[in-house]
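The structure appears below as structure tokens.
In what follows, chains are A, B, ... by sequence order, proteins preceding strands, each numbered from 1.
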Protein chains: 2
Amino acid sequence: MKKQRVSLDDIARSVGVSKAVVSLVMNGKAEQYGISERTRIRVLDRARDLNYKPNQLARGLRLGYTNTIGLIVSDISNSFYAAIARNIEDLAASVGSNVIICSTDEDIEKERKLIKLLRNRQVDGIILSSSQENAEELRNYYSDGLPLVLIDRCFENSGIPSVVVDNFNGGKQIAEHLSKSGFQKPMVLTLSTSHISTVKHRVEGYKYAWQQKGVKIDTVEIPFGDISGAVSELLMTRFKQNFMPDCLFAVNNNLATAVLQSCNNLGIRIPEDMALTCFDDLPYFSFIKPSVTAVSQPISDICTQAFEILMHQIKQEEIEGLGKLSVLSIVLNIRDSSRFVIPSDSEESKILKDK
Amino acid sequence: MKKQRVSLDDIARSVGVSKAVVSLVMNGKAEQYGISERTRIRVLDRARDLNYKPNQLARGLRLGYTNTIGLIVSDISNSFYAAIARNIEDLAASVGSNVIICSTDEDIEKERKLIKLLRNRQVDGIILSSSQENAEELRNYYSDGLPLVLIDRCFENSGIPSVVVDNFNGGKQIAEHLSKSGFQKPMVLTLSTSHISTVKHRVEGYKYAWQQKGVKIDTVEIPFGDISGAVSELLMTRFKQNFMPDCLFAVNNNLATAVLQSCNNLGIRIPEDMALTCFDDLPYFSFIKPSVTAVSQPISDICTQAFEILMHQIKQEEIEGLGKLSVLSIVLNIRDSSRFVIPSDSEESKILKDK
DNA sequence: AAAAGCACCTAAATCGATTTAGATATTTTT
DNA sequence: AAAAATATCTAAATCGATTTAGGTGCTTTT
């Protein structure tokens, strides 16, 4: 019942050759090293019979690589990152690698620990959606020789290869769409982790476009934690103060979901009472009533590019423009949640009718 | 620019002691082995200065364990499994372990490869949601000494510790709820991978309860792949044949989402034209219109139990009832999508009005 | 002063696979 | 038949950390 591992040596002894021969045979280098066909066959047969499995720790120790890459995101249960993870997993599998996935919960200390941990495990490289405030530490890792690619979130002039989307443009397109549709009292729901590039750029793009039209924006930061509760309270308060926006931009899918939930509870109608737009498209956005206007990201492209860049680093291949920032474009899917409805006083009064 | 690793030996040489001392100090065994305080401090200082990171491959090779566990599911981008992954990750982190997550796409061959691969990597144990037809192979791994816990999906009398939910009861409760509400023409949407215990038991429970009432069930297997297209076609066909069910049970969240999407496209109203119920609760089910009746699983409990059992195996601790099947209970969340509406001819005719 | 005790540390084996320099036996060349 | 060439394989170092059985020099005991 005990785990009895079969090693190279066991096979070598059993066949009556040296470990070297077994190793060479197992790695397909028999011909190259002039191992006789007879010996080769005997080794392979015995390895199969004994159910030999090469110990990858020993192999990794000797070879200096592990065919494992690390993926660090803020929360693997967020569907955006889950999709990223799945893409990376498939890409890794295509080159015989595995992925160790870790979540940081936007905690810088946790991120630091995880990077250290993955390095100690000798991962070949790391794909990281960082929560750090700046790139200083990461730059150290990178120039230390750690193959590293940043995705989703980036830093200005970090010098670390990064693959992100055009968040500014996403926010801008949303604002332009809302403005063009006739909305006039915009709000943006952002996160307390507002130093994060994605959040920051989305908000900046949104503000920029509205400011072009000379419109002031109501900006609200939702603290990490009970997002749903905070959003609910916010909308309540704004309503009581008679200070409701006529359109809202939620900077990510979590916030959007919280808004939908709150509006449902509070009886706020979308888009009649308030339009809703957000970043990150989810499957259900397209078929619920109302369908939700959202910016979608090219997840597959992000992963393909990031993975490719990482592989180049791992293989130590020089590559043109390494260290560059790659900015992919987004698509704004306009749906019912941001359809403009001519407001009437009677409608406004229906809000919170259930309360 | 090159990765210059700092080893135990480097520190030893630099301080002027043997590797043994450094190792003992680093592992907090200095006192136990009578290392002088002065030496201890000097070693620690030097380790910090040189930014020493113990090589976990070497450590794992020597110690025989890696503080890494494997998690194999069918698709990490499915929100149910993403949530599972997150829970397991946190549990593992609490004991200093990492998780390697892999997806099988319900492919038995891929599952086989992944298990082999994880074993070669010397993971300490595996948590598996298996796609196999029977437990034969898995039993071999298990009795071979591989710490293994099955979750979500199980096998009869496998002898392998398993943590699942009461799928039969879930299906049964749904059917009873529908029947009690007044529905009479039930359908169940199941998957082509119908040998899988979850799917099988859900359908069995559903059928059992309806049969108790003497009602026949329309059962449809949706082939893997283009689920959304297949569901859409199915509903179209059934409608044309004038053979629409008045209530539907989708055996998992993917199917339910496909149904919502199709109904939206086809103009089928829920629950007026057809009620919808499903397994796996998703956040958005509770606030969309109509809200969706769904069975929710105690994900956190599943993970806690599975992880605990795995740890017992890894630590080789005898534990009462190891190898047993643990069946957790589910909760049926009754919502608007299965509210009974007295049918009228005029309403029925509205279906497909847009086509 | 020899023996014993103690504090502090070292040498070396070990985990399992890879790789290289060279050993041995056989065959071919001259 | 001796030298050279070839075919086939082996020994041993290596990756880096852990662990255990001792070793060294000092102090204390008798």
Side-chain angles (χ1 to χ4, degrees), chain A residues 2-44 46-47 50-67 117 119-124, chain B residues 2-44 46-47 50-67 117 119-124:
Chain A
K2 75 172 71 100
K3 201 173 191 168
Q4 40 173 350
R5 305 219 28 94
V6 178
S7 73
L8 259 195
D9 211 25
D10 295 326
I11 299 184
R13 253 200 309 276
S14 158
V15 176
V17 293
S18 71
K19 292 192 299 177
V21 167
V22 180
S23 172
L24 293 171
V25 168
M26 296 308 293
N27 289 292
K29 299 183 181 169
E31 193 165 14
Q32 184 186 344
Y33 280 81
I35 310 290
S36 72
E37 186 62 11
R38 183 169 161 274
T39 306
R40 197 177 72 84
I41 299 291
R42 288 206 304 156
V43 168
L44 288 176
R46 194 54 55 86
L50 295 183
N51 191 24
Y52 169 65
K53 299 187 195 56
N55 183 319
Q56 300 295 334
L57 293 186
R59 191 156 197 272
L61 177 59
R62 175 64 220 244
L63 294 177
Y65 59 80
T66 54
N67 289 324
L117 203 137
R119 294 188 75 181
N120 293 0
R121 299 220 163 176
Q122 313 298 118
V123 296
D124 299 334
Chain B
K2 76 172 69 97
K3 201 174 191 167
Q4 40 174 354
R5 305 219 27 93
V6 177
S7 73
L8 258 196
D9 211 23
D10 295 326
I11 300 186
R13 253 200 309 274
S14 157
V15 175
V17 295
S18 71
K19 294 192 297 176
V21 168
V22 181
S23 173
L24 293 172
V25 169
M26 296 308 294
N27 289 291
K29 300 184 182 168
E31 191 165 13
Q32 183 185 345
Y33 281 82
I35 310 290
S36 71
E37 187 62 9
R38 181 167 165 277
T39 306
R40 198 178 72 84
I41 299 288
R42 289 205 304 154
V43 167
L44 288 176
R46 194 55 55 87
L50 296 182
N51 190 22
Y52 169 64
K53 301 187 192 59
N55 183 319
Q56 298 296 333
L57 293 184
R59 191 153 199 272
L61 177 60
R62 174 64 220 240
L63 293 177
Y65 59 81
T66 54
N67 288 325
L117 202 136
R119 295 189 74 181
N120 292 0
R121 299 220 163 178
Q122 315 297 117
V123 296
D124 299 334

So what does [X] touch, heavy atoms closer than 4.0 Å: a base, only the sugar-phosphate, or nothing?
{"X": "B:L57", "result": "nothing"}
{"X": "B:S23", "result": "base"}
{"X": "A:L8", "result": "base"}
{"X": "B:V22", "result": "nothing"}
{"X": "B:Y65", "result": "nothing"}

Taking for each residue the nucleotide of DNA chain C with the nearest heavy atom, is it B:A58 or B:V21 whose nucleotide lies nearer the 5' end?
B:V21
If you assign B:L63 and B:T39 each to the DNA chain C nucleotide with the nearest heavy atom, which residue ends up on the more 5' nucleotide?
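Nearest-nucleotide comparison on DNA chain C picks B:T39.
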Given [options], which nucleotide is nearest the side-chain atoms of [X]?
{"X": "B:L61", "options": "D:dT10, C:dT19, C:dC15", "answer": "C:dC15"}
{"X": "B:N27", "options": "D:dT10, D:dT18, C:dT18", "answer": "D:dT18"}
{"X": "A:K19", "options": "C:dT19, D:dT20, C:dT18", "answer": "C:dT18"}
{"X": "A:R59", "options": "D:dC9, C:dT18, D:dT19", "answer": "C:dT18"}

Test item: [X] side-chain N/O and [Y] main-chain N/O as donor-acceptor pair under 3.5 Å:
{"X": "A:T66", "Y": "A:Q122", "value": "yes"}
{"X": "A:R59", "Y": "A:P54", "value": "no"}
{"X": "A:N27", "Y": "A:K29", "value": "no"}
{"X": "B:R5", "Y": "B:K53", "value": "yes"}

Check this one for me: any side-chain N or O of B:Y33 less than 4.0 Å away from OP1 or OP2 of C:dT10?
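B:Y33 to C:dT10 OP1/OP2: no side-chain N or O under 4.0 Å.
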Would one find a side-chain N or O of A:S18 under 4.0 angstrom from OP1 or OP2 of D:dT10?
yes
Atom pair distance, as rounded to whole Å: [atom1] in [X] and [atom2] in [N]:
{"X": "A:L24", "N": "D:dT10", "atom1": "CG", "atom2": "C1'", "result": "11 Å"}
{"X": "B:D9", "N": "D:dA13", "atom1": "CG", "atom2": "C1'", "result": "14 Å"}
{"X": "A:Q122", "N": "D:dG16", "atom1": "CD", "atom2": "C1'", "result": "9 Å"}
{"X": "B:K29", "N": "D:dT18", "atom1": "NZ", "atom2": "C1'", "result": "7 Å"}

